[in-house]
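The structure appears right after this line, and notes come after that.
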There are 2 protein chains.
Amino acid sequence: MISSIAELISDRIGTMPAGERRAAQTLIANYPLTGLKTVAEFSAAAGVSSPTILRFVARLGFQNYPEFQSALQDELAAQLQSPASRTLDPSSTGGAVSPMLEATLDNMRETFRHLSDKQLADIAARLAERRGKTFLIGGRFTDPLARYMAAHLAIIQPDVYHLAGQESIWRDRLIDMGKRDVLVIFDIRRYQESLVRFAEKAHHRGVQIILFTDQWLSPIARFARHVIAGRTAVPSAWDSSAALFVVAETLIGAVTRQLEAAGAKRIRDLESLR
Amino acid sequence: MISSIAELISDRIGTMPAGERRAAQTLIANYPLTGLKTVAEFSAAAGVSSPTILRFVARLGFQNYPEFQSALQDELAAQLQSPASRTLDPSSTGGAVSPMLEATLDNMRETFRHLSDKQLADIAARLAERRGKTFLIGGRFTDPLARYMAAHLAIIQPDVYHLAGQESIWRDRLIDMGKRDVLVIFDIRRYQESLVRFAEKAHHRGVQIILFTDQWLSPIARFARHVIAGRTAVPSAWDSSAALFVVAETLIGAVTRQLEAAGAKRIRDLESLR
DNA sequence: CAAAATACGTAACATACGATACAGCGCTCC
DNA sequence: GGAGCGCTGTATCGTATGTTACGTATTTTG
């Protein structure tokens, strides 16, 4: 049963030649707006020629382009009249994907429910005050999150370092850390021994630790000044770091806002360096 | 302050002559669909003549009919991109949580709404079939996502490589790529020249490209076999990659499920290696 | 009540839009 | 490696669309 044109497309997109597939993808990307424009605009957006667009709609089973547009408009009309039914109710998608998404969304709500605005503001403030250096590090699967956060923070303020590579390398960086510095650690199950040892040593040197972990709390929590506990359970073989990722983005945004004045100047300076 | 065209109309409907008022009313009645149709259809629906419609849109301040339609489409685009689902479930979040989170949740729902189960299943199947090698690479801020995905995929199957470091390094890896291989690219605004060039060359070598991008589609979409367009807009100075992150996790889960038998054995082997 | 002004529709016009024919190119399959 | 097929873009064509001019109807005002 094919109800919407979007389904029709994703059903046949596999059998389409390259050019028409581009058309399909650009249409899906911001559905259904591109389809309401003229053939010329559609083709320009997709980077193909007009005839390809027409062949595309022909393959979908429409006699001509206006007929295709009418179908899109009808669909849009039905959709606008019942706005509530449009926002993804769990039953409509049905497939194996939906439970994963639902669980992830729940995780985020839960994570933020246990996270007060004040707590986030405090952490952001600590990251924004430029007394010392900021170091970031993560575990096997969470190190990309540390990288992601470092990439953003490094733009709006100086002295941001992501600790990468072999353990011996970042262990030696301990020598540079002191009580004015901040260490952001990502560590979820199964907690890594090496990270715990590293955190302990940093803690003894007076470094303030901000820990991103799961709801069962990494042993590093003992040494941490701030602990962010995210929900990670999803119906999959793996744990999900998505909630922690969103917290990280939220913090990045908050820090950016606090450093607005200084940060804006810094960004301009960076731009001029290219 | 007049924001939407609907407001503009209801603001001036009092000063309009009878015919144009009928036009206004029929447009408001099922807004904005009637305005997207042709002048002839609009006039028929309103029971007036074509020139009356044109005089109507002229009175609203538009130079010509196409300009009026474009304005309607822009409005519709903005509306579709940020669904007002906030009003739907204020209960679940419990009140004044950061607008950042709400926007992120919306982005995810929207992203998955434009993403069919079949599409995801196709991509997962392509990643699971072990004919060739799998390469992953990302842009300035999205490379951590590539890393994250690579870290997981590399555990359940062989020949998974994350392309890191300087451009010249991964450019040389092109020599190892062929038509049996898959290249996963993350690229959101502002799109990186180097990535586009790399994608183009890989494409010419017959490599199948799976692209993670934003709703405005990186130019790499021209070469991509599969395109995943995620929503990135959040109330922050930065774009959000969270939706793409969740799609990545979903794919990781799907691939893992498909490789369950082979993957489980591989994981056991890995365990015994420690 | 008359006269003017405004509003509206009919009909002709020009533009630009969608459709089609054709040629070049790349790809696949012997 | 060569022949065949299928896909894609360029150029051209017919037409539907938006636009305008003009005449008639309707309302408004002195």
Side-chain angles (χ1 to χ4, degrees), chain A residues 9 12-27 32-73, chain B residues 12-27 32-73 131-132 177-181 200-209 219 221-225:
Chain A
I9 292 172
R12 305 197 183 171
I13 197 171
T15 69
M16 290 182 187
E20 299 179 27
R21 194 162 45 229
R22 276 179 232 156
Q25 282 156 349
T26 40
L27 175 57
L33 240 124
T34 314
L36 297 178
K37 299 183 182 293
T38 66
V39 175
E41 287 173 304
F42 191 164
S43 66
V48 297
S49 68
S50 323
T52 301
I53 300 297
L54 297 174
R55 281 188 283 262
F56 164 66
V57 303
R59 190 183 297 266
L60 292 179
F62 297 98
Q63 293 299 321
N64 47 28
Y65 195 71
E67 184 181 302
F68 162 72
Q69 286 190 321
S70 296
L72 280 179
Q73 288 180 3
Chain B
R12 303 194 186 175
I13 198 172
T15 70
M16 290 181 186
E20 299 180 27
R21 195 175 311 144
R22 292 185 65 182
Q25 282 159 349
T26 42
L27 175 57
L33 216 94
T34 315
L36 297 178
K37 299 183 182 293
T38 66
V39 176
E41 286 173 306
F42 193 165
S43 67
V48 297
S49 69
S50 319
T52 301
I53 301 297
L54 294 174
R55 280 188 284 262
F56 164 66
V57 302
R59 189 184 299 266
L60 292 179
F62 297 99
Q63 293 298 321
N64 48 28
Y65 195 71
E67 184 180 302
F68 163 71
Q69 286 190 321
S70 295
L72 281 180
Q73 287 183 2
R131 296 193 320 181
M177 304 187 190
K179 48 186 57 175
R180 309 168 75 87
D181 302 329
E200 185 172 10
K201 282 172 191 148
H203 174 66
H204 276 125
R205 293 186 66 88
V207 181
Q208 283 201 12
I209 294 179
R222 293 179 48 88
F223 315 117
R225 184 79 172 74

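Just so we're clear, the structure is a prediction, and the values are computed from it rather than from any experiment. Residue numbers begin at 1 in each chain, while the letters A, B, ... track the order of the sequences. Only heavy atoms go into these numbers, but all of them, side chains included; no hydrogens, no water, no symmetry mates.
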Requested in this report: Would you kindly compare B:R222 and B:P51 by the position of their nearest DNA chain D nucleotide and give the one closer to the 5′ end?
Outcome: B:R222
Report task. Return the 5'-most residue of the pair B:P66, A:P17 with respect to DNA chain D, ranking by each residue's nearest nucleotide. Result ->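 Mapping each residue to its closest nucleotide by heavy atoms, the 5'-most match is A:P17.
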Query raised in the report: Hey, are the side chains of A:Q25 and A:I13 touching, using non-hydrogen atoms and a 4.5 Å cut-off?
Result: yes
Report task. Evaluate the side-chain proximity of B:E200 to B:F223: yes if any heavy-atom separation is below 4.5 Å, no if none is. Result -> yes
Quickly work out the [X] [atom1] to [N] [atom2] distance and round it to whole Å.
X     : N      : atom1 : atom2 : value
B:R21 : C:dA7  : CZ    : C1'   : 12 Å
A:E41 : C:dG18 : CD    : C1'   : 13 Å
A:Q63 : C:dG18 : CD    : P     : 17 Å
B:N64 : D:dT17 : CG    : C1'   : 13 Å
B:F42 : D:dG18 : CZ    : P     : 11 Å
B:E20 : C:dA7  : CD    : P     : 7 Å
B:R22 : C:dA7  : CZ    : P     : 17 Å
B:F68 : D:dT17 : CZ    : C1'   : 16 Å

Requested in this report: Output the distance between atom CG (B:L60) and atom CD (B:E67), rounded to the nearest 0.5 Å.
Outcome: 11.0 Å
Query raised in the report: Which comes earlier along DNA chain C counting from the 5' end, the contact point of B:T15 or that of A:Y65, where each point is its nearest nucleotide?
Result: B:T15
I'd like to know if the side chain of [X] and the backbone of [Y] have a donor-acceptor N/O pair within less than 3.5 Å.
X     : Y     : result
B:Q69 : B:K37 : yes
B:R12 : B:R59 : yes
A:R22 : A:A46 : no

**Report entry** Within residues 52-60 of chain B: residues closer than 4.0 Å to DNA chain D (heavy atoms)
**Finding:**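 The stretch gives B:L54 as the residues lying under 4.0 Å from the strand, ordered by number.
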Query raised in the report: Passes side chain to side chain contact (heavy atoms under 4.5 Å, CB included), B:F42 versus B:T26? Steps please.
Result: CA-CA 9 Å; B:F42 193 165; B:T26 42; 3.9 Å; yes
